[in-house]
Trainee: 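Got a structure for you, written out below as structure tokens; questions coming shortly.
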Amino acid sequence: MSQVRHLIEPEDFTLEELMQLVDTGLSIFENPSQYRKVCDGKIMASLFFEPSTRTKLSFDSAMMRLGGQVLGFSDANTSSTAKGESLADTIKVVNDYSDLIVMRHPKEGAPKLATHFATIPVINGGDGGHQHPTQTLTDLITIKRFKGRLDNMKIGFCGDLKFGRTVHSLIRTLARFGNKEFYLISPDELTLPVSLKRQLEKQGVKLIEVRYLEDVVEELDMLYMTRIQKERFFNEEDYVRLKNTYILNRDKIRTAKEDLIILHPLPRVNEIAIEVDTDPRAAYFEQSKMGVYVRMALICKLLEVGPYARG
Ligand code: NCD
């Protein structure tokens, strides 16, 4: 293999590469049987030091649908981390057992650190409140599928914009795709980090911060709902006070555009009422489904197999 590539943050890939992953993911979705054996003989290590349903299982499913195999753990307490082993040592060992590592870790920067001890590709499946690049790929493939484009949209992000890593990765990427206007809907305590706001404003992006979704919902082409990130709060009281700030229901989207798409990385707690699930604008379960296909494309790219095989 040529120089090893990793995916730690979306900026690790050019816009062309991101677009190609989305298009490859859509082709795999259309015709999955063609890809059934492209990872024959390959092993993916799935190291989850933090809870996960979709990211872990969609990666496992992606690798299995490509004909590869999976090993790993979904609870760090069942690994030698519980005995005090360092991340560096764990990675050095797993590096010899597999061809690709997907990891999620509560500490920001842990997957980046892992790249220093790995000679195989490392994928960040979420690091603390920092980044979640493969959720961004999942979001992009869903947007492309339902809206047919990745630019020229008015986009609302609603909920926990402070700790929500999916928001941090996606907003940067949508700005790179040329989207110029974002509505940031959050309580004062959970606004987007200032450093990220400054970075976006420098790129010429207009950020409109509001407290109430009802004030802007009519404007939006896409609404990205998020969960209040309980596990990142320093005290329970603040979480309890903020946890039900937003509850999207049918009434709140009454005046929204007909071609709005509503996304949510899931899991949801209370922030979208079940009654919204049957609204044609609700795309969040399609979104989690598309995550498998774009991750299949990503695995192929990093292992240089199938559609990414070299000459
Ligand atoms: C997200 C995450 O882990 O950041 N979940 C996911 O990967 N689909 C969102 C969340 O946990 O709220």
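First listed ligand is number 1; within each ligand, the first listed atom is number 1.
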Trainee: Cation over ring, Arg295 on Phe59, under 6.0 Å and within 45°?
Mentor: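 Pair Arg295/Phe59 counts as cation-pi.
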
Trainee: Once you restrict to heavy atoms under 4.0 Å, what part of Thr226 touches ligand 1? Side chain, backbone, both or neither.
Mentor: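 The answer is neither.
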
Trainee: Within the side chain of Arg281, is there an N or O that forms a donor-acceptor pair under 3.5 Å with the backbone of Ala256?
Mentor: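 Such a contact is found between Arg281 side chain and Ala256 backbone.
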
Trainee: Kindly say whether Asp12 contributes a backbone atom to a donor-acceptor pair with the side chain of Arg5 at under 3.5 angstrom?
Mentor: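 Indeed, once roles are kept as given, a pair shorter than 3.5 Å links the two residues.
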
Trainee: Does ligand 1 have an atom that lies less than 4.0 angstrom from a heavy atom of Gly126?
Mentor: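 No, Gly126 has no heavy atom closer than 4.0 Å to ligand 1.
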
Trainee: Can you sort out which atoms of ligand 1 are near Thr55, meaning under 4.0 Å from one of its heavy atoms?
Mentor: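 What qualifies from ligand 1 is 6 (C), 7 (O).
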
Trainee: For atom 7 (O) of ligand 1, what is the closest protein heavy atom, and at what distance to 0.1 Å?
Mentor: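 Result: His132 NE2, 2.7 Å.
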
Trainee: Suppose I only count heavy atoms of Gln135 and a 4.0 Å limit; which atoms of ligand 1 are within that range?
Mentor: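 What qualifies from ligand 1 is 6 (C), 7 (O), 8 (N).
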
Trainee: Which heavy atom of the protein is the closest neighbour of atom 3 (O) of ligand 1, given with residue, atom name and distance?
Mentor: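 For atom 3 (O) of ligand 1, the nearest protein heavy atom comes out as Arg165 NH2, 2.9 Å.
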
Trainee: Provide the number and element of each atom of ligand 1 under 4.0 Å from a heavy atom of Leu266.
Mentor: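 Selected atoms, number and element: 1 (C), 5 (N), 6 (C), 8 (N), 9 (C).
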
Trainee: I'd like to know if Arg165 pairs up with Glu108 as an ion pair, taking the criterion as any Lys NZ or Arg NE/NH1/NH2 lying under 4.0 Å from an Asp or Glu carboxylate oxygen.
Mentor: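 The answer is no: the pair does not qualify as a salt bridge.
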
Trainee: Give the table of side-chain donor-acceptor pairs shorter than 3.5 Å for residues 190-200, with sequence neighbours excluded, one pair per line with atom names and distance.
Mentor:
| residue | atom | partner | partner atom | Å |
| --- | --- | --- | --- | --- |
| Lys197 | NZ | Glu209 | OE1 | 3.2 |
| Lys197 | NZ | Glu209 | OE2 | 3.1 |
| Arg198 | NH1 | Glu201 | OE1 | 2.9 |

Trainee: Can you tell me which residue and heavy atom of the protein come closest to atom 11 (O) of ligand 1, and the distance to 0.1 Å?
Mentor: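 Minimum-distance protein heavy atom for atom 11 (O) of ligand 1 reads Arg227 NH2, 2.8 Å.
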
Trainee: Below 4.0 Å from ligand 1: does a non-hydrogen atom of Glu50 turn up there or not?
Mentor: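 Flag not set, Glu50 not near ligand 1.
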
Trainee: Determine, for Arg232 against Glu50, whether the closest basic-nitrogen to carboxylate-oxygen distance falls under 4.0 angstrom.
Mentor: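 A salt bridge is present here (some side-chain N lies under 4.0 Å from a carboxylate O).
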
Trainee: Say whether, by atom type as modelled, one donor and one acceptor occur between the side chain of Ser27 and the main chain of Asp23 under 3.5 angstrom.
Mentor: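 A pair under 3.5 Å: yes.
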
